[in-house]
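The next block holds one structure in the form of structure tokens; read it before the comments.
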Amino acid sequence: MAMSLPHQIGALSGTSLTAETGGVSCEVPAKGSSATSAMWRTPMTNLKVSVQKTGTEIDRVSPSPSPPMSPMMGGGMRPDLSVACQALMEAQVDEVVEREYKVRNSSAKEKGVPVFVMMPLDSVKMDHTVNRKKAMNASLQALKSAGVEGIMMDVWWGLVERDAPGEYNWGGYAELMEMAKKHGLKVQAVMSFHQCGGNVGDSCTIPLPRWVVEEMEKDPDLAYTDQWGRRNFEYVSLGCDTLPVLKGRTPVQCYSDFMRGFRDRFENLLGDTIVEIQVGMGPAGELRYPSYPEKDGIWKFPGIGAFQCYDKYMISSLQGAAEAFGKPEWGHTGPTDAGQYNNWPEDTNFFKKEGGGWNSQYGEFFLTWYSEMLLNHGERILQSAKAIFEDKGVKISVKIAGIHWHYGTRSHAPELTAGYYNTRNRDGYLPIAQMLARHGAVFNFTCVEMRDHEQPQDALCAPEKLVRQVALATQEAQVPLAGENALPRYDDYAHEQILQASSLNINDQSGDREMCAFTYLRMNPDLFHPDNWRRFVAFVKKMKEGKDANKCREQVEREAEHFVHITQPLVQEAAVALMH
């Protein structure tokens, strides 16, 4: 019979160790730590890591204003015991993880939904090095021990190609990829062609490449523009997709060259460690217009947003479409009666339910053109991405925004201003799903954790109904659906909603269909809080069991508690390190 962990260490040291009532815990440093001693003690039942928030959430891994907990050090144990304790603890964790991995991969067809975790937005610093390397290493090891499939990381255009066109610095990302590989984690790499800063959850600022910003300053029409002339510099306007406006290259050529550079640099990891390429196509990496910018208080939830078609390149396209339609007078401007960013549908003539312009011949013409411009943008970039990563063993995915407010109205105004031609009379998500299906891409959708009754009912929010509509559209188009939570949630209530949504039990045709993956927002100190971590581990196990799991929920909870117990020192170290 195998000896318990304390007995193994006692045998190694030649010392008799007697466990106190309640068991024995050992605090150990992570690999590479400089700590040289450890201490046996009775486990603390109320062990917590205090995290003070500066706002409604902590989305970026940042220093805590309160003193972090430090590992207790003792002088009564031989120095070699710390090494033994660390090695044995890691061996136990690795053994459990390896055994589970083998069981999970023993069948030809896996069931369940693999869980990925989003990395902090600033995982790579401006000097091209990994941010908080020690914390990152401990955190990745903790995630792996919990059964997480992998991580999602933003590969910022504004960092890699910052200084000059065609000059790529992959430093930091190369190290981060190797860290993921070392821990046996898969990677979803996001080609982030947008600015970081100014959107929900953005907690740091990473602008577009300097030379791109210079070109936009010379020609402000390269930026999306609203009807009041306000410019948005988050992402280059899709109106100039095919024009050589960026130092002799088109924006799409720049995106293609960047993806090709990524492929060439990380070819040895494609299909093995790197399993998915999510192609950014707009603000926040989503295929949409920047219709609801939070920066400077321009937009506030649940405003309807504003159309972004007033730069000269978009207007030129609109003019051509209007002339082809036989109504050249419709090509001079977008709707002038669509209200302002923070209006509600009934405040405007264009979006109101009775006699609104959205439901007129002009409204149908404009909204068709506006939404098709977005679809064509996605099509152009996907064609390139598919060719670049063909036969490399990676999935291609595209993220679509979960715009659930005013969903219960007839016009669905916030979706229309974002470029999704979805109304009570028209399915705006089926054309997107069909476009993705043509290129074999994954439809990645947000707000999967939300319930209708949690949202302001006066704004007729309906995230559950929206997720169901998207699930039906992807089912009809036969395109894989993946999910994300839109806001950080650590409670069982949100986890249960994600489990339900990811099972895709929407109709009799659903069969064995489930989401192909779920990405959890986001790795930060809150995630490693003992209570949150326990719930998260149980959530990951339930997701992996799938909708047809034979295990009862109580058994999954017990297994999760086992994982939490054996990884407690590692998780504590990750939490403490992340707060420094």
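The analysis underlying the following values was restricted to heavy atoms, covering all of them including side chains, and did not include hydrogens, waters or symmetry mates.
The aromatic rings of F365 and W330 sit tilted relative to each other, their planes meeting at an angle between 30° and 60°. A perpendicular orientation is assigned to the rings of F518 and F539, their planes being inclined by more than 60° (bins at 30° and 60°). Between Y370 and F366, the angle of the ring planes stays under 30°, which puts this pair in the parallel group of the 30/60° scheme.
No donor-acceptor pair under 3.5 Å is formed between the side chain of D296 and the backbone N or O of I298. Using a distance-only test at 3.5 Å, with no hydrogens or angles considered, a donor-acceptor pair links the side chain of H377 to the main chain of M281. Counting only distance, with no hydrogens or angles, the side chain of N532 and the backbone of D526 share a donor-acceptor pair below 3.5 Å. Panel note: side chain N444, backbone S397; no donor-acceptor pair is recorded below 3.5 Å. Distance alone, capped at 3.5 Å, places no donor-acceptor pair between the D257 side chain and the C254 backbone. Judged by distance alone, with hydrogens and angles left aside, the side-chain atoms of R535 form no donor-acceptor pair with the main-chain N or O of H495 at under 3.5 Å.
Applying the salt bridge (Lys or Arg N to Asp or Glu O under 4.0 Å) test to every pair with at least one member in residues 352-372, sequence neighbours left out, gives these pairs: E354-R410. Applying the salt bridge (Lys or Arg N to Asp or Glu O under 4.0 Å) rule to pairs touching residues 331-341 yields nothing, sequence neighbours excluded. Annotation: salt bridge (Lys or Arg N to Asp or Glu O under 4.0 Å) contacts involving residues 460-474, sequence neighbours excluded, comprise D452-K465. Under the ring-ring contact (aromatic ring centres under 6.0 Å, His included) criterion, the residue pairs touching residues 423-446 are Y420-Y429, with sequence neighbours excluded. Applying the salt bridge (Lys or Arg N to Asp or Glu O under 4.0 Å) test to every pair with at least one member in residues 433-446, sequence neighbours left out, gives these pairs: E379-R438.
With F193 as the fixed residue, the ring pair (Phe, Tyr, Trp, His ring centres under 6.0 Å) test singles out one of F262, F258, Y235: F258.
Side-chain contact between V148 and Y520 is absent, with no heavy-atom pair separated by less than 4.5 Å. You'll find the side chain of L382 reaches within 4.5 Å of the side chain of M435, heavy atoms only. For the pair M373/Y289, a side-chain contact is recorded, criterion being any heavy-atom separation below 4.5 Å from C-beta on. Contact annotation: the side chain of N422 approaches that of D427 to within less than 4.5 Å [non-hydrogen atoms, C-beta and beyond]. Considering only heavy atoms from C-beta on, D154 stays 4.5 Å or farther from M119 through its side chain. The shortest distance between side-chain heavy atoms of W156 and D122 does not fall below 4.5 Å.
Taking R210 as the reference, R162, D163 meet the side-chain contact (heavy atoms from CB on, under 4.5 Å) condition, with sequence neighbours excluded. With sequence neighbours left out, R426 forms a side-chain contact (heavy atoms from CB on, under 4.5 Å) with Y421, T423. Under the side-chain contact (heavy atoms from CB on, under 4.5 Å) criterion, V275 pairs with F116, K186, sequence neighbours left out. Shown here are the salt bridge (Lys or Arg N to Asp or Glu O under 4.0 Å) partners of R489, two or more places apart in sequence or in another chain: E454, D491. Partners of A459 under the side-chain contact (heavy atoms from CB on, under 4.5 Å) rule, at least two apart in sequence or in another chain, are P302, W344, H406, P456, C461. Annotation: salt bridge (Lys or Arg N to Asp or Glu O under 4.0 Å) contacts of D311 (sequence neighbours excluded): none.
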Q: List the steps and the verdict of side chain to side chain contact (heavy atoms under 4.5 Å, CB included) for M136 and I151.
A: CA-CA 12 Å; M136 188 70 71; I151 58 175; over 6 Å; no
(Q) Test side chain to side chain contact (heavy atoms under 4.5 Å, CB included) on L375 and I432; report intermediate values, then the result. (A) CA-CA 7 Å; L375 284 171; I432 297 174; 3.8 Å; yes
Q: Begin from the C-alpha positions of F350 and W358 and carry the test ring pair (Phe, Tyr, Trp, His ring centres under 6.0 Å) through to its verdict.
A: CA-CA 6 Å; F350 190 79; W358 65 274; 8.4 Å; no
Q) After noting the C-alpha distance and the side-chain angles of E149 and V115, does the key distance pass the side chain to side chain contact (heavy atoms under 4.5 Å, CB included) rule? A) CA-CA 5 Å; E149 185 77 9; V115 176; 5.8 Å; no
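Remark: R230 is not positioned above the aromatic ring of Y341, lacking an NZ or CZ atom under 6.0 angstrom from the ring centre and at most 45 degrees off the axis.
A salt bridge links E484 with K399: at least one charged nitrogen is closer than 4.0 Å to a carboxylate oxygen. Taking 4.0 Å as the cut-off between side-chain N and carboxylate O, K247 and E161 do not count as a salt-bridged pair.
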Show the atom names and distances, to 0.1 Å, of all donor-acceptor pairs under 3.5 Å that link a side chain in residues 314-324 to residues at least two apart or in another chain.
| unit_1 | atom_1 | unit_2 | atom_2 | d |
| --- | --- | --- | --- | --- |
| S317 | OG | W369 | NE1 | 3.1 |

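By the neighbour-count criterion of 12 heavy atoms within 6.0 Å, atom CD of E329 is densely surrounded, having more than that number from other residues, nucleotides or ligands.
The line from OG1 of T474 to CG of L504 is 6.5 Å long, rounded to the nearest 0.5 Å.
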